[in-house]
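One structure below.
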Amino acid sequence: MKECYLGIDIGSISTKGVVIDNDNNIVTSLYIWTEGNPINAVKKLVKEIKSKLPSNIVIKGIGTTGSARKLIGLMMDANVVKNEITAHAIGTLAFYPDTRTILEIGGQDSKIILIKDGIIVDYAMNTLCAAGTGSFLSSQARRLGTKIEDFGKIALTSTSPVKIAARCTVFAESDLIHKAQVGHSKEDIIAGLCKSIVTNYLNNVGKGKKIVGPIVFQGGVSKNVGVLKYFKEILGQDIIVDPNSHLMGAIGIAILSRRCKTNKVYDLSIADVDFETRGFECMDCSNNCEVLRIFKDNKLVDAWGSKCHKYN
């Protein structure tokens, strides 16, 4: 039997799963939409991944990362649960050990990770605003009647990208409408949006950071060749985009799972498991804590949110 490890990256927009072997080779992977329900998304993901695995594969560890990592880690009985910063860095360094800077733009968040001698020395993430992320680009693509997959290619055809105020989603949409009304071409508007993603990222997430190479660009937006072009132009450096850049968080957490492996064998049979969360507001004191209780097959397995730890 061949020992492998499953890494799951649960984001607000997408959920990624990767199975790797002991040499970090990807056995299978999957990228699906979270659709506001991480529990159902992971059930679907694990079911599909299990159906793709060869019969000689045995899963010896599961790691979870992303915004719903703690919930899904409990659901999957994961042996490792880590934040996205750590997972992305570990995944990247496994393939690009000399990396100094990681640029990551996902569906609703973005981050920068600075590395020296294989160690994270600094990082930053975007604020609550989703301006300059994948969801922002997707909403503008719908407004322009263009497939988001074609955005980058269209941007490359522009010779004069318009300036879009992308520091705020509301202002950006208003500016985009104005630019269209005064006669700018769709190509120039799309190029302007791609360029605004880069300037917004560097002025906010990358503000005050010394960006040195080698630079690796990750996340779903890294597949947009228009955004990649303007990152290269503005930074004046070459930028690496791995074919699996959108899966790097899942790869990283799978590697961590392998490093912390136990003797347990996971059968991945969770499709029929009844996993439910129930929330309530505790009124026992003035804190009025919002407590979330997690049930597995109608049995209470954990609870979060109680400041006095009464329910934790």
Side-chain angles (χ1 to χ4, degrees), residues 7-18 26 29-38 41-42 44-45 48 64-69 83-85 87-89 91-92 95-96 101-113 123-126 129-144 146-156 166 169 172 190-191 193-202 204-206 215-232 239-254:
I8 305 175
D9 182 359
I10 316 96
S12 53
I13 300 296
S14 60
T15 296
K16 289 77 68 177
V18 172
I26 296 178
S29 65
L30 190 64
Y31 183 108
I32 64 173
W33 303 118
T34 305
E35 296 180 331
N37 193 325
V42 170
K44 177 181 178 182
L45 179 135
E48 291 194 33
T64 61
T65 189
S67 55
R69 62 185 178 274
N83 62 70
E84 306 98 304
I85 301 295
H88 277 274
T92 304
F95 299 97
Y96 305 98
T101 305
I102 298 174
L103 314 175
E104 199 268 346
I105 305 180
Q108 280 194 328
D109 62 15
S110 53
K111 61 184 73 72
I112 184 170
I113 306 171
Y123 72 92
M125 297 186 70
N126 66 331
C129 181
T133 62
S135 61
F136 168 75
L137 277 180
S138 296
S139 64
Q140 304 317 312
R142 288 192 295 270
R143 180 180 292 278
L144 292 167
T146 304
K147 291 182 179 180
I148 186 60
E149 295 85 357
D150 298 331
F151 239 49
K153 297 175 186 176
I154 294 173
L156 295 182
T169 301
I190 289 175
L193 281 168
C194 291
K195 189 172 184 178
S196 72
I197 292 291
V198 176
T199 56
N200 180 70
Y201 178 93
L202 296 176
N204 291 280
V205 183
I215 302 171
V216 179
F217 185 21
Q218 298 175 356
V221 178
S222 67
K223 301 299 183 181
N224 185 312
V225 291
V227 174
L228 176 62
K229 170 190 174 182
Y230 291 114
F231 261 125
K232 289 181 177 180
I239 296 176
I240 301 166
V241 177
D242 190 90
N244 294 309
S245 61
H246 58 301
L247 300 173
M248 204 57 75
I251 294 171
I253 201 64

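The figures that follow rest on heavy atoms only: side chains count, while hydrogens, waters and symmetry mates do not.
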Exercise. Taking only residues two or more places apart in sequence or in another chain, which ones pass side chain to side chain donor-acceptor pair (under 3.5 Å) with Q218?
Worked result: H88, T92
Problem set entry | Chi angles and distances behind the side-chain contact (heavy atoms from CB on, under 4.5 Å) call for W33, T15 | CA-CA 6 Å; W33 303 118; T15 296; over 6 Å; no
Exercise. Taking the side chain from S29 and the backbone from G17, do they hold a donor-acceptor pair closer than 3.5 Å?
Worked result: no
Exercise. What pairs with K195 under side chain to side chain donor-acceptor pair (under 3.5 Å), at least two apart in sequence or on another chain?
Worked result: none
Exercise. Between N204 (side chain) and N200 (backbone), is there a donor-acceptor pair under 3.5 Å?
Worked result: yes
For this session: Apply side chain to side chain donor-acceptor pair (under 3.5 Å) to T101 and list each qualifying residue two or more places apart in sequence or on a separate chain.
Result: none
Exercise. If you round to the nearest 0.5 Å, how far is CG of N224 from CG of D150?
Worked result: 10.5 Å
Exercise. What residues form a salt bridge (Lys or Arg N to Asp or Glu O under 4.0 Å) with K232, not counting sequence neighbours?
Worked result: D238
Problem set entry | Interatomic distance, S222 atom OG to L103 atom CG [nearest 0.5 angstrom] | 10.0 Å
For this session: Could you tell me whether a side-chain N or O of Y201 sits under 3.5 Å from a main-chain N or O of K111, the two making a donor and an acceptor?
Result: yes
Exercise. Who pairs with N244 by side chain to side chain donor-acceptor pair (under 3.5 Å), at least two apart in sequence or on another chain?
Worked result: none
Seminar exercise, completed: Heavy atoms of A87 and I253 approach each other most closely as CB-N, 4.1 Å
For this session: Output all residues satisfying ring-ring contact (aromatic ring centres under 6.0 Å, His included) with F217, sequence neighbours left out; order by chain, then residue number.
Result: F231
Exercise. Is the backbone N or O of I8 less than 3.5 Å from a side-chain atom of T64, with the two atoms forming a donor-acceptor pair by type?
Worked result: no
Problem set entry | For A250 against K16, the heavy-atom pair lying closest together | CB-O, 4.0 Å
